[in-house]
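Each residue takes its place number in the sequence, starting with 1.
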Amino acid sequence: MCLRPTTCVDQPPVLHPHVSALFALALLTVPVPAIGQTQPSAPSSPATTPPEGEEPILPDEQFNARLPQVGEEGAKAASDDAALPSIDAYVDQQMPQAPAAAELPPASEPAADTALARPLPPLDSVTVPAQVAEEAAPDEKLPQVRYAFRVEGFGKTGLEDKFRESSALADGDGRADTAAMVQARAEEDKALAVRLLYSEGYYDATALASLDQPAGGEGPLTAVISVTTGKRYNLGAIVIQAGPTVPPGLIRDSLPLKTGDPIVAADVEGAEANVALKLPENGYAFAKIGERDILLDPATATGDYTLPVDTGPRGRFRGITTSGKQAFDAAHIKVISRFREGEIYDSRKVDDLRKALVATGLFSSVGVDPVRTGDAAPESTEYVDLHVEQEAGPPRTLAGELGYGTGQGFRAEGTWTHRNLFPPEGAVIAQIIAGTQEQGLSGTFRRSNAGKRDRTFQAAAAINHQNYDAYEAFTLGLSATRSRASTPIFQKRWTYSYGVEILASNETTLNETTGDSKRLTYFIGALPTQLGYDRSDDLLNPTSGFRANLRVSPEASLQGNLSPYVRATFDLSGYYPVGDSIVIAARTRIGTISGVSRDEVAPSRRVYAGGGGSVRGYGYQELGPKDADADPIGGRSVNEFAVEGRYRFGNYGVVAFVDAGQVYESTIPKFSDIRYGVGVGGRFYTNFGPFRADIAMPINRQPGESKFALYIGIGQSF
């Protein structure tokens, strides 16, 4: 603030009242000469002499009037060059003085409270009034907010269905606790819509979320997701930043992207995954895919794609090392592997080794990883070792199986296995069978991967008792087999087995001359051989493909005279899918015994039909020639046919089937007098195979045959 108009602007600023008061107070602190004292001269200045025609802001009379009045003592003090009193003293003088406080009487001691001085009563004498808590009424539940849901703008992108599958608004089923919750869902869906569009190459896409309230505030809210797709970007130039490969162009050929294709995130990621897969399959065990770069050009709606790839050295297989809690050593792992030292590294063979190790059943966990050695190999390659990290699991297992079949009764089987009692993979198996018509005990030694991958050697001894309508047999058997068979992990295309079998069996047989039964002891030697070819897609639940199996067993029976013969069976089954849920399955079987008459063959080695896995609707071994008591006596040839329609829904399924077949006394099946059975079944699908229950009845049932038959087991019937 200025004190003279000459130093101020045309419109002086307006000060806050407190600022003005402080400024006036500051004026009071300026020293003023005493009355009668001459002031020292000072040069004139525009601040002291106002220009002509202008009045001073504060006239001298008013200024002097506001100065403190000075009396005679003040004049004398002024003449003695005494300074004015301080501003604090002046202010104190100006403030009104409070009246002097009256003299208070002296304080007196408060009277003692006798109640406070008394001791507290004992706790057990204190009584508290009983208070009954009233249950508060539950809060009234606020009514839910209802809303409708609408999506706009996806057009022909084909993304609206995918959007609705993941939509938070759609998941809410039109109900929410509050309108704010509806708004939050709409915002989440807005971000979802943009992500989906970006993933399909619509990089200019935008989305808006809004809530529409009907007029008057009545009726449900309407959540609207409005989408603007913008242009769709296509791939421009495709550049691979990598060194040379063998074969040339391996990376580009493995990257299924073309200039002009839409930039679809799933396609790009899938193409890069294919590169990451193909490089290790062609020797590049340590290849690394870098971070892609896509440079978008809004003017042309294209994106130039660049992918850096570090191939690393091309490698060759060399050795195997192992560590951890070991089930067997590196030498046996080498037996299981399918590669030879010096071969070009192939990740598929590494995966195959890992699966084969899992298939042994000896590990709780196992890992196989390539190790870079830095050792040079031929043709500018480098040797790669494989390191197997083992964690051996419990080697002992208990297993059980329970089944029922009409004519065969209940059958329970229990197995104890030590899979690695004689390393490597030398298993000992004890088996017991307890059934209404079969009992048995056996012990088996099995060496898996015996000297070569997938080769199994097995030796067994068994004692068995079977009591069926066709025969009763007490059998002691010894066998040895070498085989290549499928497993739940490795379903092999070609399988085979061959071996030797020696049996001593005491059995009942029918004397056709007298019609009486008699017991005979048979000594049997056999060389069973089997060859299988499997093109089905699953071992326990096939839905497509076919299977063929041929079994031939040259045998000799010693019961008085030596009687050589050949038992042979051929099985063929096929599976044809009709849509995603229906499978048509069919099978046929032809069997024969040639070289001897039926009576020279032990009853337990003859041909029978009927029951589960054969012709359903009939009891076990019920078809074929019968004796005077209508008991089956077996034959020398058989033919069987079956057709199933399998329908699956989720983990459940139903089956309708027709089976047919017959057993003949002749060596060659006659294909006459075919017997039929029809039925239905249910399936419950588990991760280890379907649980099966079938019920069937015979067509044109004969006296003594079952009215119906029930079969329960694991896996499809064929």
Side-chain angles (χ1 to χ4, degrees), residues 276-277 279-286 315-373 383-399 415-429 444-458 481-497 534 538-540 687-689:
L277 179 68
L279 284 173
E281 290 179 357
N282 288 271
Y284 298 94
F286 309 101
R316 294 179 181 272
F317 286 115
R318 189 174 67 175
I320 294 177
T321 60
T322 185
S323 62
K325 185 180 178 182
Q326 298 184 18
F328 39 73
D329 56 17
H332 188 63
I333 298 175
K334 184 66 175 177
V335 171
I336 297 175
S337 66
R338 292 189 183 275
F339 58 83
R340 295 189 302 271
E341 184 175 339
E343 285 185 356
I344 293 295
Y345 179 91
D346 189 339
S347 60
R348 290 169 293 188
K349 295 183 178 181
V350 178
D351 293 338
D352 175 80
L353 175 59
R354 183 183 299 109
K355 291 179 181 178
L357 292 173
V358 172
T360 65
L362 294 174
F363 300 98
S364 59
S365 65
V366 61
V368 184
D369 297 297
V371 177
R372 188 169 179 178
T373 65
Y383 283 118
V384 177
D385 287 343
L386 293 184
H387 182 74
V388 178
E389 183 67 25
Q390 303 184 40
E391 184 62 35
R396 301 173 185 83
T397 57
L398 285 173
T415 304
W416 176 87
T417 303
H418 192 304
R419 295 187 301 276
N420 205 30
L421 185 60
F422 301 99
E425 297 192 73
V428 174
I429 305 166
T444 303
F445 170 77
R446 184 185 64 205
R447 174 82 71 186
S448 300
N449 297 307
K452 192 174 183 181
R453 166 77 173 269
D454 297 331
R455 304 300 187 267
T456 301
F457 172 77
Q458 181 169 294
T481 305
R482 188 170 178 84
S483 64
R484 182 181 190 266
S486 292
T487 67
I489 295 179
F490 284 103
Q491 184 179 353
K492 300 174 179 62
R493 180 170 298 183
W494 287 100
T495 59
Y496 63 83
S497 68
D534 189 350
D538 189 86
L539 195 63
L540 294 176
N687 57 359
F688 55 85

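- Gln326 is not listed as a side-chain neighbour of Phe363, based on a closest heavy-atom distance of 4.5 Å or more.
- Rounding to the nearest 0.5 angstrom, the gap separating the CZ atom in Phe317 from the CZ atom in Arg340 is 11.5 Å.
- Of all non-hydrogen atoms in Val368 and Leu353, the two that sit nearest each other are CG1-CD2, 4.2 Å.
- Ile336 places a side-chain heavy atom less than 4.5 Å from the side chain of Glu425.
- Of the inter-residue distances, the one linking Thr321 atom OG1 with Leu386 atom CG reads 8.0 Å to the nearest 0.5 angstrom.
- With a 4.5 Å cut-off on side-chain heavy atoms, Phe490 and Val358 do not count as touching.
- Nearest heavy atoms, Pro424 versus Asn420: C-OD1, 3.7 Å.
- Atom CD of residue Glu343 and atom CZ of residue Arg338 lie 12.0 Å apart, to the nearest 0.5 angstrom.
- Asn449 is listed as a side-chain neighbour of Asp454, based on a closest heavy-atom distance under 4.5 Å.
- Of all non-hydrogen atoms in Glu281 and Ser347, the two that sit nearest each other are CG-OG, 3.4 Å.
- Ile344 is not listed as a side-chain neighbour of Asn282, based on a closest heavy-atom distance of 4.5 Å or more.
- Separation of atoms OG1 (Thr373) and CZ (Arg316) is listed at 12.5 Å; rounding is to 0.5 Å.
- Contact of the Thr495 side chain with the Asp534 side chain is not registered, since no non-hydrogen atoms from C-beta on lie closer than 4.5 Å.
- No side-chain heavy atom of Asp385 sits under 4.5 Å from any side-chain heavy atom of Pro370.
- Summarising the geometry, atom CZ belonging to Arg446 is positioned 12.5 Å from atom OG1 belonging to Thr481; distances are rounded to the nearest 0.5 Å.
- Residues Ala485 and Lys492 come closest through the heavy atom pair O-NZ, 3.0 Å.
- Considering all non-hydrogen atoms of both residues, Tyr496 and Arg455 come closest at OH-NE, 3.0 Å.
- With rounding to the nearest 0.5 Å, the separation of CD1 in Ile320 from NE2 in His387 is 11.5 Å.
- By the 4.5 Å heavy-atom criterion applied to side chains, Phe339 and Val350 are not counted as neighbours.
- Taking every heavy atom of both residues into account, Phe445 and Gly426 meet most closely at CE1-CA, 4.1 Å.
- Atom CZ of Arg318 is surrounded by more than 12 heavy atoms from other residues, nucleotides or ligands within 6.0 Å.
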Q. After noting the C-alpha distance and the side-chain angles of Lys349 and Asp352, does the key distance pass the salt bridge (charged side-chain N to carboxylate O under 4.0 Å, His left out) rule?
A. CA-CA 5 Å; Lys349 295 183 178 181; Asp352 175 80; over 6 Å; no
